[in-house]
Amino acid sequence: MEQERMQAAIHTEWIKLDALLKFTGLCDTGGFAKELVQQGAVSVNGAVCTMRGKKIRPGDVVEVDRFRVEVTQADPCS
């Protein structure tokens, strides 16, 4: 199965992993995001991550199921 690639442009230095999952629409609620992370269903830069508060920065890649999210820095002018 081919991965669906998406980009998430953040306006801050970092975003917590569970917040990123909600921000991108991969999770509807924080509770669901927490469950996914704690079950080991999320990887950050190719390694499984079970810390929902992990700081995700521009350049990081988060993968959940068939989705691959590349985190970028938002243009400060937008």
Side-chain angles (χ1 to χ4, degrees):
M1 178 183 345
E2 190 173 323
Q3 283 187 321
E4 184 173 328
R5 295 174 180 256
M6 43 195 311
Q7 285 193 339
I10 60 173
H11 293 271
T12 56
E13 182 182 343
W14 52 268
I15 186 171
K16 288 183 179 180
L17 178 56
D18 59 350
L20 177 74
L21 295 175
K22 290 189 326 185
F23 175 69
T24 57
L26 294 177
C27 292
D28 293 334
T29 66
F32 184 52
K34 177 182 174 181
E35 276 186 47
L36 274 181
V37 173
Q38 289 180 336
Q39 290 174 1
V42 180
S43 67
V44 177
N45 299 326
V48 172
C49 180
T50 56
M51 299 183 309
R52 66 187 177 118
K54 178 163 179 63
K55 292 179 180 178
I56 305 299
R57 303 176 191 283
D60 286 340
V61 175
V62 175
E63 294 176 296
V64 181
D65 194 25
R66 61 183 180 88
F67 297 96
R68 176 185 172 93
V69 180
E70 297 171 3
V71 181
T72 62
Q73 186 68 51
D75 181 359
C77 297
S78 62

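Residue numbers count from 1 along this sequence.
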Q: For residues 44-53, which side-chain N or O atoms pair as donor and acceptor with protein atoms under 3.5 Å away, sequence neighbours left out?
A:
from: N45; atom 1: OD1; to: V61; atom 2: N; distance (Å): 2.8
from: N45; atom 1: ND2; to: D60; atom 2: OD1; distance (Å): 2.9

Q: Applying the 4.5 Å side-chain criterion to the ILVMFWY set and letting contacts propagate, would F23 and V69 be lumped into a single cluster?
A: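 Yes, because F23 and V69 connect within a single hydrophobic cluster, where side-chain heavy atoms sit under 4.5 Å apart.
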Q: Among all residues two or more places apart in sequence or in another chain, which pass the side chain to side chain donor-acceptor pair (under 3.5 Å) test with Q39?
A: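 So Q39 forms no side chain to side chain donor-acceptor pair (under 3.5 Å) with any residue.
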Q: Could you list the residues that satisfy salt bridge (Lys or Arg N to Asp or Glu O under 4.0 Å) with R68, not counting sequence neighbours?
A: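 Checked R68 against salt bridge (Lys or Arg N to Asp or Glu O under 4.0 Å); matches are E63, E70.
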Q: So, E2 and R66, do they make that salt bridge, N to O below 4.0 Å?
A: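 Looking at R66 together with E2, the answer is no, because their closest N to O distance does not fall below 4.0 Å.
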Q: Please identify each residue that fulfils side-chain contact (heavy atoms from CB on, under 4.5 Å) with A9, with sequence neighbours left out.
A: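 T72, A74.
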Q: Find the distance between CZ (R57) and OG1 (T12) and round it off to the nearest 0.5 Å.
A: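 One finds 9.5 Å between CZ of R57 and OG1 of T12.
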Q: Run through R5, M6, Q3 and flag the one making a side-chain contact (heavy atoms from CB on, under 4.5 Å) with F67.
A: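 Answer after filtering R5, M6, Q3: M6.
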Q: Would you compute the distance between atom CG of L20 and atom CD1 of I10 and round it to the nearest 0.5 angstrom?
A: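 That separation rounds to 7.5 Å.
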Q: Which residue pairs pass the salt bridge (Lys or Arg N to Asp or Glu O under 4.0 Å) test with at least one member in residues 40-50, sequence neighbours excluded?
A: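 For residues 40-50: none.
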Q: For residues 17-37, which residue pairs qualify under side-chain hydrogen bond (donor to acceptor under 3.5 Å, both in side chains), counting only residues two or more places apart or in two chains?
A: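 Non-adjacent pairs meeting side-chain hydrogen bond (donor to acceptor under 3.5 Å, both in side chains): zero.
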Q: Kindly write out the residues that satisfy side chain to side chain donor-acceptor pair (under 3.5 Å) with Q7, not counting sequence neighbours, or none if the list is empty.
A: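 For Q7 there are no side chain to side chain donor-acceptor pair (under 3.5 Å) partners, ignoring immediate neighbours.
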